[in-house]
Each structure stands twice: as C-alpha cells, then as structure tokens.
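Keep in mind that this is a model prediction, so the values were computed, not measured.
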There are 2 protein chains.
Amino acid sequence: MHWIIRLGKSEQRSYTSLNPKEIIVKQQLDYLDLLKSVSLFSDLKKAELLPVAQAAIEKCFHAGEFLIRQDEPAEYLFVVGSGNIKLTQLSSGGDQFLLCYVTSGEMFGSIAILQNAAYPVSAEALTYCQVLLLPGSVIRHLMSEIPQLAMGVIRHLAGRVQSLQRQLQELSAERVEQRVARALTRLASQVGLRTEQGILINVALSRQDLAEMTGTTLYTVSRILSGWEKRALIDAGRERVVIKKPHGIVAIAEDLPAPRSK
Amino acid sequence: MHWIIRLGKSEQRSYTSLNPKEIIVKQQLDYLDLLKSVSLFSDLKKAELLPVAQAAIEKCFHAGEFLIRQDEPAEYLFVVGSGNIKLTQLSSGGDQFLLCYVTSGEMFGSIAILQNAAYPVSAEALTYCQVLLLPGSVIRHLMSEIPQLAMGVIRHLAGRVQSLQRQLQELSAERVEQRVARALTRLASQVGLRTEQGILINVALSRQDLAEMTGTTLYTVSRILSGWEKRALIDAGRERVVIKKPHGIVAIAEDLPAPRSK
DNA sequence: CGAAACATTGAACCTATTCAACGCCCGTGG
DNA sequence: CCACGGGCGTTGAATAGGTTCAATGTTTCG
C-alpha cells in the first residue's frame with residue numbers, strides 16, 4: 001500500500017486528545033489500491049475495477065459534517081479512505097439509534113443504492129474523512145456483468161443480516177449492562193487500539209452514543225461505566241473508554257460468573 | 001396456477017379450529033409453477049428454472065415437526081408450497097426469539113446456503129406443510145450464471161436488512177404495548193384473513209409466540225391483550241387473535257392519541 | 001374424565017427511566 | 001488572565017413499566 005502521505009501540522013496524536021478536529025491528515029489516495037482494500041472488491045482484477053476507479057469521486061468531510069442524511073435519494077456507494085464515521089437512524093418517534101461506526105477500508109450505502117431508494121441512515125463524520133463516492137449506476141451495471149462482484153455483495157449482505165439478527169436477539173433478551181458490555185467488546189474489535197493501559201476505543205464515544213447503540217439512556221450508561229471503573233475494569237473519561245480488563249467485560253457480556261482476580 | 005388438488009377427509013375449515021393437525025391437504029405440486037410464484041424466481045424463464053426444478057426434492061412435514069434445526073449445516077433452500085412455518089432463533093443464554101412466519105410462496109434458508117454455513121435458525125411446521133428443497137450447490141451455481149437471479153437475491157437480502165434495522169430500532173425505542181401492536185399489524189398484513197368480525201391472524205399464535213416476537217414475557221402479552229379485549233379492539237382466544245378495530249391497533253403501534261368512536 | 005398445554009390475574013419485586021441538580025473540562029471572548 | 005457558557009458527565013430520589021412467581025382457570029385432546 002504505497003499511499004503518499006502528506007501530513008498536517010501536527011502528526012503526533014496523544015491518547016488524551018481523541019477528537020483532533022484540527023489535525024487534518026491529507027493523503028494522496030490511490031483509488032485502485034483503496035478499492036482493492038475493501039473486501040467487496042478484493043477479489044476483482046484491477047482491470048475490472050478500472051471503470052469504478054474512473055467513475056469515483058473523491059471528497060473530504062470535516063468532523064461534524066454529514067456525508068449523507070437519512071431519506072435523501074441514494075446515489076453513491078461510499079468507500080472510506082481515512083477517518084471515522086458513524087451511521088445513525090432516526091425513528092418516526094424521534095429516537096436516534098446508532099447502528100455502527102465505519103472506518104477506513106470499509107464502505108456504506110450499499111443497501112440503498114442496490115434498491116435505488118433513499119438512504120435509510122445518516123452518516124456523520126467524527127473526524128476529518130476522505131471518501132470515494134461510487135455512483136450507484138456504475139456499481140449496479142458492474143454487478144450484472146461480474147457475477148463475482150454480485151456474490152461479494154451477497155456475502156456482505158448475508159453477514160449483515162446475521163449480525164442484525166444477533167443484535168435483535170441480544171436487545172430483546174439481555175439486560176442493559178450486558179448489552180453495553182457487548183457494545184464495548186464489539187467496538188474494541190473494530191476500532192480498538194492496544195495500549196499499555198488496555199484497549200482504547202479509538203473513536204469519540206460519549207455516554208449518549210453508547211446509549212443509542214444499546215437502546216438505553218445516557219444516565220444508565222453513565223452509572224454502569226462508573227460501576228465498572230470502581231471495579232477497575234475500565235478507565236473512562238470524556239468521550240473516551242479504555243478497557244483495562246477485557247476478560248472482565250466479556251464475562252459481563254456473556255453473563256458468566258465474575259472472574260476471580262486480575 | 002393449475003395445481004391438481006386432492007383433498008383430505010375434511011375440506012372445510014372453521015375459524016375456531018385454527019390448528020387443524022388432522023386436516024392434511026395434499027396437493028400435486030407443479031414444481032415449475034411453484035418456483036415461479038416465489039418472487040426470487042419470478043423473473044426467470046421456465047427454461048432457466050428447469051435445472052432447479054429437476055434438482056428439487058419434495059418433502060412433507062407434519063405440524064410440530066422441525067424442517068431444520070439451528071446450527072445444522074445448511075444444505076437446502078426451502079420453498080414453501082403449502083402450510084405455515086415459524087422461524088425461531090435460540091440465543092446462547094437459552095432465550096428464544098421468533099423471527100417470522102413463512103407461508104406458501106415464500107422461502108427461507110437463503111442466508112445460510114449463500115454462505116455455505118450452518119442454519120442460524122430453526123424452522124418448525126405449524127401445520128401440515130409441503131416444501132421443495134433446493135440444493136444450495138445448485139442455487140449457488142445458478143447464481144453465478146444468471147446475474148438476474150443474483151440481483152433477485154440481493155434485493156431480497158437488502159429488504160431483509162432494512163426490515164431488521166427497523167425492528168431493531170423499534171425494539172430499542174418503543175414500549176411493549178407498541179411493539180405488540182406492531183407485531184399484530186405485521187402479522188395481519190402477512191397472514192391476515194378478512195372476516196365479518198375483523199382481521200383474523202391466520203396462524204396458531206400463542207401469547208408465548210407474541211412474547212418471543214416482541215422481546216417480552218407471555219404474562220405481559222396476556223395482560224395487554226386482555227386490556228385490548230376490554231376496549232373491544234380485538235377478540236382473543238386460545239392461540240387465536242382477531243383484530244376488530246385495525247385502526248385502533250395501528251394507533252397504538254404508531255403511538256397516536258387513541259382514536260375516538262366507532 | 002383427566003392430563004397437558006395454554007391463558008389469566010394478583011402481588012411483590014426490580015430494573016431502568018426520568019427529572020433535577022450539580023460538577024468538570026474546555027474553549028472563547030472580554 | 002479570568003470569567004463565562006456550553007457540552008459532557010455524574011449522582012440522588014422518585015417513579016413507571018415489566019418481570020417474576022404462584023395460584024387458578026380454561027380449552028383441547030387422548
């Protein structure tokens with residue numbers, strides 16, 4: 001992966017300043033390489049990806065900007081080159097739900113462009129982001145020509161269905177503490193960063209965010225995190241969580257008896 | 001649709017005997033016609049469907065039998081010719097969740113055979129059922145040859161993702177009464193039967209079932225249904241629900257102020 | 001008729017929500 | 001530099017909404 005990296009003024013990131021709106025790391029994107037790093041396209045030959053790369057539009061977003069808004073007509077598939085994005089869904093009742101975080105090498109918007117419908121979610125940039133917009137028409141056309149790509153999409157969707165079914169199950173059967181623990185372990189595996197103190201969840205993560213992921217309130221999340229901090233399972237701060245004892249959190253997620261010791 | 005229908009001893013079905021285990025209506029299945037009635041295959045030419053029909057295995061199940069069990073290796077895609085089936089998922093914690101009902105002209109097992117993995121659900125026959133088993137290998141092979149079929153699968157999966165996301169949202173944001181109302185309206189549109197008294201949910205539907213669909217307990221469901229019956233919104237019986245005032249139930253589902261009148 | 005499966009209801013209990021008050025941190029502007 | 005305000009986080013107290021358990025009733029079927 002030979003991206004030419006042009007750094008902004010401040011390269012170093014300390015763990016305490018997690019939401020560095022001012023740090024803008026602009027990378028010269030190699031479209032083909034980026035596309036190939038997305039699992040959907042990884043099986044394709046470069047020649048096959050060429051029309052996609054040519055049709056791709058590069059775009060940048062600042063922290064806080066919305067890449068897409070729910071109910072807008074879907075035009076593009078988004079591939080993330082750098083930065084963190086969160087996908088949220090607003091219900092008719094006005095409650096927001098945080099579906100997932102998307103980071104570099106991942107994509108979103110696939111469902112909407114496949115149905116040629118409206119985006120079912122909003123996407124908000126949490127940091128400075130570079131993304132590629134792939135026109136839905138190009139993707140749809142390519143799928144009808146390259147069965148391999150269609151199979152990739154199917155695998156992607158099938159995986160999503162599975163994970164949603166699991167989440168549904170959890171939400172209906174488990175208590176809040178368990179669900180929060182699960183959300184944390186999921187986040188750890190997705191955007192976790194090993195440090196000496198433990199696993200740092202490497203996105204700005206407020207109590208409110210965790211509440212929206214687990215279907216509870218920010219108050220309850222706050223209480224739960226406080227409890228865990230007293231038990232030295234985690235180290236929580238402003239929009240920041242470090243998991244000090246992963247096995248302890250997993251134990252809570254799986255509803256096992258609390259593990260003895262360390 | 002020219003199926004030759006060979007009736008069992010008792011053709012008539014009264015609305016009070018809803019779970020007629022003894023009534024076995026055996027139909028001579030025309031595989032091609034049945035397959036074409038499934039939305040996935042409806043766009044295909046009969047010639048294209050021939051290999052599928054030839055590889056299909058017809059099988060019958062009695063009420064209470066399991067067509068598939070969770071975690072078994074997935075071999076077949078199931079197409080339902082007649083009868084009602086319910087899909088359930090068991091969590092590691094031992095809680096059961098009722099995902100959906102499947103009736104004639106619908107299919108299930110698609111996700112599992114696409115990933116060549118294990119079934120993520122169990123399927124239980126609620127009535128006598130006739131189904132076609134389509135080997136996963138045949139489907140997978142066909143998909144790589146007929147892009148149209150792959151697109152159909154994709155549409156099917158995309159729809160499923162959408163509906164699961166909506167359900168997740170509901171489960172996390174709405175109160176039990178709302179969720180039960182939603183489940184009922186969903187059931188009404190799927191397996192509802194217009195009668196003089198109202199819309200009959202045309203499957204055996206216990207309080208336990210409703211509880212497993214909405215993530216609550218059978219006690220709470222019982223209380224809610226009792227309440228609605230007192231308000232003359234529904235007519236509830238043993239494994240039987242008739243919606244007498246659909247608009248009233250919808251109002252509860254949508255959290256509107258209770259409608260005056262009627 | 002009796003057993004089994006399904007349904008109802010009351011009472012105690014508990015989890016999580018709600019509301020309100022307050023603390024803390026950070027950036028901004030006087 | 002300090003004061004102020006805004007956003008985020010914490011915590012207590014009251015409360016609501018569901019759960020749990022147990023007792024009892026009802027329907028169906030063999």
**Q** Quick one: B:K230 NZ to C:dT8 P, roughly how many Å, whole number?
**A**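 Spelled out: NZ on B:K230 to P on C:dT8 is 10 Å.
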
**Q** Among the nucleotides D:dT11, C:dT8, C:dA5, which one has an atom lying closest to any side-chain atom of A:S226?
**A** D:dT11

**Q** Just how far, in rounded Å, is C1' of C:dA7 from CD1 of B:I234?
**A**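 Going from B:I234 (CD1) to C:dA7 (C1'), I get 13 Å.
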
**Q** Can you say whether a donor on the side chain of B:R207 sits under 3.5 Å from an acceptor on the base of D:dT26, or the other way round?
**A** no

**Q** Return no unless some side-chain N or O of A:T220 is found under 4.0 Å from OP1 or OP2 of C:dT17.
**A**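 It does, given that an N or O in the side chain of A:T220 lies less than 4.0 Å from OP1 or OP2 of C:dT17.
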
**Q** Once you round it to whole Å, what is the distance between P of D:dA22 and OH of B:Y219?
**A** 10 Å

**Q** May I ask you to say what B:L218 touches in the nucleic acid, namely base, sugar-phosphate or nothing, with a heavy-atom cut-off under 4.0 Å?
**A** base

**Q** Does A:S206 put a side-chain nitrogen or oxygen below 4.0 Å from OP1 or OP2 of D:dC8?
**A** no

**Q** Round to the nearest Å and state the distance from A:I224 atom CD1 to C:dA16 atom P.
**A**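 Rounded to whole Å, this separation is 7 Å.
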
**Q** Is B:R186 paired with B:E170 through a side-chain N to carboxylate O contact shorter than 4.0 Å?
**A** yes

**Q** With rounding to the nearest 0.5 angstrom, report the CE to CG distance, A:M213 to A:L99.
**A** 9.0 Å

**Q** Below 4.0 angstrom from OP1 or OP2 of C:dT17, is there any side-chain N or O of A:T217?
**A**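 Looking at the OP1 and OP2 atoms of C:dT17, one of them is under 4.0 Å from a side-chain N or O of A:T217.
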
**Q** Measure the acute angle between the ring planes of A:Y119 and A:F78, then classify it against the limits of 30° and 60° as parallel, tilted or perpendicular.
**A**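 Ring orientation of A:Y119 relative to A:F78: perpendicular.
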
**Q** Distance only, no hydrogens: is a donor on one side chain within 3.5 Å (strictly under) of an acceptor on the other, for A:Q169 and A:Q165?
**A**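 No.
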
**Q** Between D:dT10 atom P and A:W228 atom CH2, what is the distance in whole Å?
**A**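 That distance rounds to 13 Å.
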
**Q** What about B:R240: does its side chain form a donor-acceptor pair under 3.5 Å with the base of D:dT26?
**A**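 Under the 3.5 Å cut-off, the side chain and the base do not form any donor-acceptor pair.
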
**Q** B:R175 has an atom CZ; how far is it from atom C1' of D:dG17, in whole Å?
**A**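 Distance, rounded to whole Å: 8 Å.
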
**Q** Examine the base of D:dG12 for any acceptor or donor lying under 3.5 Å from a partner atom in the side chain of A:R223, and report the outcome as yes or no.
**A** yes

**Q** With respect to the phosphate group of D:dT19, does any side-chain polar atom (N or O) of B:T216 fall under 4.0 Å of OP1 or OP2?
**A**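 Looking at the OP1 and OP2 atoms of D:dT19, one of them is under 4.0 Å from a side-chain N or O of B:T216.
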
**Q** Counting just side-chain N and O atoms, does B:S222 come under 4.0 Å of either OP1 or OP2 of C:dA7?
**A**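 False: B:S222 side-chain N/O out of range (4.0 Å or more) of C:dA7 OP1/OP2.
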
**Q** To the nearest Å, give me how far apart CD (B:E239) and P (C:dC6) are.
**A** 6 Å

**Q** Go through it in stages, so that I can follow the logic: the residues are B:R182 and B:E254, the test is salt bridge (Lys or Arg N to Asp or Glu O under 4.0 Å), and I'd like the CA-CA distance, side-chain angles, deciding distance and then a yes or no.
**A** CA-CA 8 Å; B:R182 252 184 226 288; B:E254 301 294 340; 3.6 Å; yes

**Q** Measure CD/B:E212 against C1'/C:dC6 and give the value in whole Å, please.
**A**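 These atoms are roughly 14 Å apart.
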
